[in-house]
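Each chain gets a letter, A, B and so on, in the order the sequences are listed, and its residues count up from 1.
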Number of protein chains: 2
Amino acid sequence: MAEGMDKADLLDLHMLVEHVGPLRAGDHVFREGDAFEAIAAVRSGTVKTYTVDRDGHEHVLGFYFPGEVIGLDGIHGDRYPCNAVALDTVMLCRFSFPKISVLATQLPGLQKHLFRLLSRDIGRAALLAGDWTADQRMAAFLVGLSRRLAARGFSPNRFQLTMARTDIANYLRLAPETVSRVLRRFQQDRLLLVDRREVELLDRAQLDALAEPLLRD
Amino acid sequence: MAEGMDKADLLDLHMLVEHVGPLRAGDHVFREGDAFEAIAAVRSGTVKTYTVDRDGHEHVLGFYFPGEVIGLDGIHGDRYPCNAVALDTVMLCRFSFPKISVLATQLPGLQKHLFRLLSRDIGRAALLAGDWTADQRMAAFLVGLSRRLAARGFSPNRFQLTMARTDIANYLRLAPETVSRVLRRFQQDRLLLVDRREVELLDRAQLDALAEPLLRD
DNA sequence: CGTCGGGTTGACCTTCGTCAAAGGCAGTGG
DNA sequence: CCACTGCCTTTGACGAAGGTCAACCCGACG
């Protein structure tokens, strides 16, 4: 959902970086209502962000992989508006936000970069809005993961679903059973192979075609 | 969807206002791609904004009543990102955006006001996102209309649906037939009376209860 | 070996979209 | 004044998609 910092920016910033981790699965990076003082780039592992509504139901907002940035949605307040939790072993870099925003006023490239990161995160909402079918949502989710992982140097066709089925379902606003059934049917139709949390995309063209109406815009 | 300008702001601005109208039903205020040079406050009548996707399908974005402001979503580009069309006889005031934005740098209240208008418009998306039932969407639509009209001095319980059923359906992402059926059922259940485009809300408590999960946030 | 949490599967049912047809109001022209 | 026509709306019948419920499976771990 978020585009990472490139090498040049990391060089500019390496003096105000604080390395954090390793966090274990279930550890929180920050919680809703915590004072907003830093954003963080994932170095390894997967982070899930979510909120809990007043009925106690969890709402998964997004998943973040190495190179991606979490905490940006705290910018417009002094508190984080959501929780961030490690799904596996996670390493990250914290950037003090006061320091980075001062720096952004001096580095025009950095400010532009931050705005891009923000708007990228907003576009994520396209997955949720609209009345897409379960197949389209699932395909868009997988294609989106694949592209993001590929952009980070991972294999675009074989990867791990580090999040639970219930998290995927919650994120896509589907029932967990539906996620299970769609994956099974995709496998029957030779679109992919899935074994536990391991996925291999086979028919990329067809998955792209399914995902296209969600990912364009 | 947008909060209007209050009296004090109108006084501040009355020198750079251009009165437009009357427009007849079907006349366009602006079209997608037109150069963005002004925002406009509706003085009377109803305006619908919409886009047309590359498959030729219309997507209704919102409805605007007297006191509400259209064109704000053009701020981040030099072109309007959508069409705005009059649904009935419409009068409006155009505010040159270059002039207003210069003024905003001098009047702190105005700048804050513009930001509030913007964020209010963004919150509208809650109606579309989420997997709400047809009943919830319809109730939220009616309660939302009622509140906005009441804030402008109109009756909160009796009002005209100035837009076609197909527009309501498109906006709520429902089939027109579903809109028709939900309204009929609401009437059977004594939640409201509806005759053609005239609506009277009867059981406000129950409608509020239906709409509540959509309108809170 | 038992238990526990996540995942899968099947049966069922609700909701809503689609299709087709008919009703009603408005504007037009005879 | 009255057909005629076109558009919006309603209504009914039907079907597909996906949620719910319940049971079962299976790998992990004590």
Side-chain angles (χ1 to χ4, degrees), chain A residues 24-26 46 48 57-60 85 87-89 127-128 130-142 160-189 192-199 210 213-214, chain B residues 24-26 46 48 50 55 57-60 63 85 87-89 127-128 130-141 160-189 192-199 210 213-214:
Chain A
R24 298 297 302 164
T46 315
K48 171 182 87 170
H57 298 131
E58 179 173 322
H59 291 266
V60 175
V85 63
L87 293 183
D88 47 16
T89 302
L127 267 183
L128 312 178
D131 46 353
W132 312 111
T133 67
D135 287 17
Q136 289 174 313
R137 286 169 197 259
M138 196 67 222
F141 177 71
L142 293 171
Q160 286 272 338
L161 296 176
T162 48
M163 66 294 293
R165 296 285 194 273
T166 51
D167 285 334
I168 300 176
N170 187 313
Y171 176 64
L172 297 177
R173 299 185 188 273
L174 298 171
E177 294 94 329
T178 302
V179 169
S180 199
R181 282 186 259 261
V182 170
L183 285 176
R184 175 162 52 97
R185 192 156 31 73
F186 278 2
Q187 174 151 313
Q188 285 171 0
D189 297 348
L192 51 75
L193 293 176
V194 56
D195 174 52
R196 311 276 304 150
R197 296 198 171 179
E198 186 82 22
V199 176
L210 272 171
L214 280 83
Chain B
R24 298 297 302 164
T46 315
K48 171 182 88 172
Y50 68 98
D55 303 332
H57 299 130
E58 178 173 323
H59 292 267
V60 175
F63 305 101
V85 64
L87 293 183
D88 46 16
T89 303
L127 266 183
L128 312 178
D131 46 352
W132 313 110
T133 66
D135 287 16
Q136 290 174 313
R137 285 169 198 260
M138 197 66 224
F141 177 70
Q160 286 273 338
L161 297 176
T162 47
M163 66 293 295
R165 296 286 193 273
T166 53
D167 285 334
I168 300 176
N170 187 314
Y171 175 65
L172 297 177
R173 298 185 187 274
L174 298 171
E177 294 92 330
T178 301
V179 169
S180 198
R181 281 186 260 262
V182 170
L183 285 178
R184 176 161 52 98
R185 192 157 33 71
F186 278 2
Q187 174 151 314
Q188 285 171 1
D189 297 347
L192 51 75
L193 292 176
V194 56
D195 174 53
R196 307 281 300 154
R197 297 198 170 179
E198 186 82 21
V199 176
L210 274 171
L214 279 83

Student: Report the relative orientation of the aromatic rings in B:Y171 and B:F63; use parallel for angles under 30°, tilted for 30 to 60°, perpendicular for over 60°.
Tutor: perpendicular
Student: One character per nucleotide, please: for nucleotides 3-14 of chain C, 5' to 3', B when the base has a protein heavy atom closer than 4.0 Å, S when only the sugar-phosphate does, - otherwise.
Tutor: ---SSSBBB---
Student: Rounded off to whole Å, could you give me the CG-to-P distance for the B:L174 and C:dT15 pair?
Tutor: 14 Å
Student: To the nearest Å, give me how far apart CE (B:M138) and P (C:dC16) are.
Tutor: 13 Å
Student: How many whole angstroms separate atom CG of B:D131 from atom P of C:dT15?
Tutor: 14 Å
Student: I need the CH2-P distance between A:W132 and C:dG17, as an integer number of Å.
Tutor: 15 Å
Student: For B:T89 and B:R24, does a side-chain donor sit closer than 3.5 Å to a side-chain acceptor?
Tutor: yes
Student: Is any side-chain heavy atom of A:M138 closer than 4.5 Å to one of A:V179?
Tutor: yes
Student: Would A:R165 and A:E177 count as a salt bridge (Lys or Arg N to Asp or Glu O under 4.0 Å) here? Give the steps.
Tutor: CA-CA 9 Å; A:R165 296 285 194 273; A:E177 294 94 329; over 6 Å; no
Student: Nearest whole Å is fine: how far is D:dT9 P from B:Q187 CD?
Tutor: 16 Å
Student: Check whether any side-chain heavy atom of A:D135 lies under 4.5 Å from a side-chain heavy atom of A:F186, and answer yes or no.
Tutor: yes
Student: Expressed as a whole number of angstroms, how long is the span from B:D195:CG to D:dC8:C1'?
Tutor: 14 Å
Student: Atom CD of B:E58 to atom P of D:dC8: distance rounded to whole Å?
Tutor: 11 Å
Student: Carefully, step by step, assess A:I168 and A:L161 under the rule side chain to side chain contact (heavy atoms under 4.5 Å, CB included).
Tutor: CA-CA 9 Å; A:I168 300 176; A:L161 296 176; 4.1 Å; yes
